[in-house]
A.B. asks: 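Shown below is the structure under consideration.
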Amino acid sequence: MSQREILTNGSAFKRTDGRWCGVVWYKDEHGERKRKSFSGTTKAEVNKKMKKYIVEFNEDKNDSVESLKTLQESLQNWLQVFKFPAVERTTYDRAESIAKNQIYPQLGKKVVGDITAADIKKLLNYWMTEGYAYTTVKKVYTLLNEYFRYLYQQEIIKKNPMANVEMLKKANFMSAQGKENLPPTETITVFSEEEIEKFKAEAFSVFGNGKRKYQQAAAYILMLNTGLRTGEALGLLNSDIDLDNRVMHVQRGVKEASKREGVTGKSGREVIVGKLKSATSKRDIPLNDTAIEMIKDLRKEFYFGEDSPLIPDDHGEVTRPVNFRKRFYRILTAAGIETKGLHSLRHTFATRLINGVKDKDGKIKSLTPKQVADLLGHTTSEITELYYVKRDTNMLNGITDGFEL
């Protein structure tokens with residue numbers, strides 16, 4: 001595909017009938033020489049028309065240059081110029097990863113202006129048939145939708161190929177993969193009472209010399225009793241905890257992101273201590289007896305001062321999430337517990353509070369979804385009920401006794 005360009009600036013001339021005319025010669029996308037004619041009652045009028053046409057031609061030419069780039073070149077530039085300054089580092093890392101791993105290998109070398117709805121649909125279908133998760137394929141769709149919408153709004157492309165592409169509904173997507181589309185509450189993983197006991201036994205186990213096998217074992221039980229996210233737990237300072245009033249103040253979070261020099265990625269990852277996930281994440285969490293016991297255990301293991309992390313590494317610095325997560329998996333494996341994510345500790349906390357516990361009289365003590373949402377730092381209780389609680393109908397056994405009709 002050739003690049004359009006102006007060949008002459010045009011010059012006005014007077015016809016025999018007294019009218020003024022002008023011609024601008026240009027080369028079109030196919031390299032063919034063409035002309036644009038203008039006319040008017042005065043020389044100034046014709047010159048003004050030609051000048052305006054040349055300006056608009058060059059603006060359109062600049063836009064078409066972008067549409068002539070490969071998708072990889074153009075999308076990467078858009079990510080760095082527009083996406084990077086507007087989102088958190090970890091969010092940008094995910095977007096860039098989606099582009100590099102799911103988009104560029106299939107469409108990266110294709111010219112932007114040549115990409116059709118069929119190309120994008122084929123891309124989405126490819127990752128679906130490869131067995132990738134619905135959330136991953138949807139991220140591909142969302143990123144391309146945002147990118148092509150920008151190009152269309154800036155009139156860089158005449159048609160938006162995403163306008164005719166719809167993301168498959170999750171139920172249809174799962175069906176195409178031969179999987180059942182379970183409701184969110186059915187996919188939640190929680191620890192059973194037996195698994196909790198097995199986990200504790202392994203986490204606090206010791207070698208023959210009496211030294212503990214795992215550092216920071218108490219941190220996982222603290223999360224189990226407070227519903228803390230991993231980043232929130234690792235972001236806690238000793239000064240955030242008020243044992244006298246049995247409360248902790250959640251004020252910051254810890255994440256890992258790719259190292260960068262400006263927008264350019266470098267080898268390795270780095271820890272970032274910063275803001276929490278949302279405004280409601282900043283909250284006070286009451287401490288039960290077990291949580292207090294775990295805090296004291298952590299301080300007995302390592303204590304570098306009030307302004308140091310509650311869960312520090314050997315040098316008093318913030319513990320890297322990746323190391324904290326690997327240790328958790330080692331404990332699960334050694335305890336013979338089916339693999340679960342660290343977030344399962346948070347799900348277990350929420351599930352237990354909502355389902356409740358039975359007292360000696362058979363009455364169920366539980367919290368309302370709104371109360372649990374506040375403890376977890378959720379914006380609404382609907383989020384808590386839909387994505388965090390695994391309902392236990394066994395807790396309802398016998399609850400209708402005495403209500404006979």
Side-chain angles (χ1 to χ4, degrees), residues 69-109 127 132-133 135-144 146-147 150 214-216 219-220 223 228-238 240 250-279 281-282 302 304-305 307-330 339 341-343 346 377:
K69 292 179 180 178
T70 65
L71 178 66
Q72 180 167 344
E73 183 183 5
S74 178
L75 177 54
Q76 191 64 29
N77 181 68
W78 174 80
L79 283 169
Q80 293 176 348
V81 174
F82 294 98
K83 195 73 172 176
F84 185 79
V87 297
E88 290 188 11
R89 286 272 299 280
T90 51
T91 301
Y92 181 80
D93 284 350
R94 285 193 293 272
E96 189 176 62
S97 177
I98 285 291
K100 289 182 175 180
N101 295 312
Q102 273 75 49
I103 297 176
Y104 299 159
Q106 303 296 317
L107 284 180
K109 294 181 180 179
W127 293 116
Y132 275 66
T135 52
T136 299
V137 180
K138 188 172 183 180
K139 285 175 183 176
V140 173
Y141 174 85
T142 301
L143 182 60
L144 287 174
E146 189 176 352
Y147 162 71
Y150 160 78
Y214 307 98
Q215 290 183 356
Q216 305 167 331
Y220 305 112
M223 292 172 65
L228 286 168
R229 299 179 177 95
T230 302
E232 293 171 346
L234 298 181
L236 282 172
L237 301 181
N238 283 296
D240 294 325
V250 181
Q251 304 185 75
R252 70 195 66 77
V254 171
K255 298 178 180 178
E256 279 189 277
S258 299
K259 289 183 179 179
R260 294 185 181 278
E261 188 171 320
V263 297
T264 305
K266 296 171 62 179
S267 177
R269 294 175 67 78
E270 61 182 340
V271 173
I272 298 174
V273 181
K275 64 181 183 179
L276 295 164
K277 185 175 182 180
S278 64
S281 296
K282 189 173 184 179
F302 285 121
F304 293 92
D307 293 329
S308 68
L310 172 68
I311 310 170
D313 63 13
D314 294 345
H315 308 288
E317 302 297 329
V318 172
T319 295
R320 290 187 62 192
V322 63
N323 294 335
F324 190 68
R325 193 174 297 110
K326 286 180 179 178
R327 190 177 301 120
F328 173 73
Y329 291 143
R330 288 203 304 271
T339 300
L342 266 170
H343 224 57
R346 184 168 159 89

A.B. asks: I'd like to check the salt bridge (Lys or Arg N to Asp or Glu O under 4.0 Å) partners of R346; sequence neighbours left out, ordered by chain and number.
C.D. replies: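 R346 satisfies salt bridge (Lys or Arg N to Asp or Glu O under 4.0 Å) with no residue once adjacent residues are dropped.
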A.B. asks: Looking only at heavy atoms, which two atoms of A233 and M223 are closest? And how far apart?
C.D. replies: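 Heavy atoms of A233 and M223 come nearest at CB-CG, 4.0 Å.
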A.B. asks: Aromatic contact between F324 and Y220, with the criterion being ring centroids under 6.0 Å apart: yes or no?
C.D. replies: yes
A.B. asks: Measure across T70 and G108 and return the closest heavy-atom pair with its distance rounded to 0.1 Å.
C.D. replies: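 Nearest heavy atoms, T70 then G108: CB-O, 3.4 Å.
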A.B. asks: Measure the spacing between CG of L71 and CG of L107 and express it to the nearest 0.5 Å.
C.D. replies: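 With rounding to 0.5 Å, CG (L71) is 6.0 Å from CG (L107).
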A.B. asks: Could you give me the CA-CA distance, side-chain angles and deciding distance for L236 and I311, then say whether side-chain contact (heavy atoms from CB on, under 4.5 Å) is met?
C.D. replies: CA-CA 7 Å; L236 282 172; I311 310 170; 5.7 Å; no
A.B. asks: Between S308 (side chain only) and G316 (backbone N and O only), is there a donor and an acceptor less than 3.5 Å apart?
C.D. replies: no
A.B. asks: So, taking the atom named CG in L75 and the one named NZ in K69, what distance separates them when rounded to the nearest 0.5 Å?
C.D. replies: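 Separation between the atoms: 12.0 Å.
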A.B. asks: Quick one: NZ on K100 to CD on Q72, what's the gap to the nearest 0.5 Å?
C.D. replies: 9.0 Å
A.B. asks: To the nearest 0.5 Å, tell me how far Q215 CD sits from N323 CG.
C.D. replies: 9.5 Å
A.B. asks: Between the main-chain N or O of S74 and the side-chain N or O of N77, is there a donor-acceptor pair closer than 3.5 Å?
C.D. replies: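 Not at all, since once roles are kept as given, no pair shorter than 3.5 Å links the two residues.
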A.B. asks: Does any part of the side chain of D314, heavy atoms only, come nearer than 4.5 Å to the side chain of F302, both counted from C-beta?
C.D. replies: yes
A.B. asks: Return all side-chain donor-acceptor pairs below 3.5 angstrom for residues 264-275, not counting sequence neighbours, or 'none' if the list is empty.
C.D. replies:
from : atom 1 : to   : atom 2 : distance (Å)
R269 : NH2    : E256 : O      : 2.9
E270 : OE2    : R89  : NH2    : 2.7

A.B. asks: What's the shortest heavy-atom distance between Y214 and R330, and which atoms?
C.D. replies: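 Of all heavy-atom pairs spanning Y214 and R330, the closest is OH-O, 4.1 Å.
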A.B. asks: L143 versus L79: any side-chain heavy-atom pair under 4.5 Å?
C.D. replies: yes
A.B. asks: Quick one: CD on Q251 to CD on E232, what's the gap to the nearest 0.5 Å?
C.D. replies: 11.5 Å
A.B. asks: Hey, is the main chain of S258 close enough, under 3.5 Å, to the side chain of D93 for a donor-acceptor pair?
C.D. replies: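 Yes.
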A.B. asks: Which residues satisfy the salt bridge (Lys or Arg N to Asp or Glu O under 4.0 Å) test with D313, sequence neighbours excluded?
C.D. replies: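 Checked D313 against salt bridge (Lys or Arg N to Asp or Glu O under 4.0 Å); zero matches.
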A.B. asks: Find the distance between CZ (R252) and CG (D240) and round it off to the nearest 0.5 Å.
C.D. replies: 4.0 Å
A.B. asks: Side chain to side chain donor-acceptor pair (under 3.5 Å): which pairs involve residues 78-87, sequence neighbours left out?
C.D. replies: K83-E146
A.B. asks: Minimum heavy-atom separation for V254 to P321, with atom names?
C.D. replies: CG1-CG, 4.0 Å
A.B. asks: Testing the basics here: between G377 and R229, what is the closest heavy-atom pair and its distance to 0.1 Å?
C.D. replies: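 Closest pair (atom of G377, atom of R229, distance): O-NH2, 4.1 Å.
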A.B. asks: Could you please spell out the steps behind the side-chain contact (heavy atoms from CB on, under 4.5 Å) verdict for R320 and R325?
C.D. replies: CA-CA 9 Å; R320 290 187 62 192; R325 193 174 297 110; over 6 Å; no
A.B. asks: Taking only residues two or more places apart in sequence or in another chain, which ones pass side chain to side chain contact (heavy atoms under 4.5 Å, CB included) with T136?
C.D. replies: I98, Q102, Y132, A133
A.B. asks: Run the ring-ring contact (aromatic ring centres under 6.0 Å, His included) test against Y104 and tell me which residues pass, sequence neighbours left out.
C.D. replies: none
A.B. asks: Any idea which heavy atoms bring T90 and A257 closest together, and the distance?
C.D. replies: CG2-CB, 4.2 Å
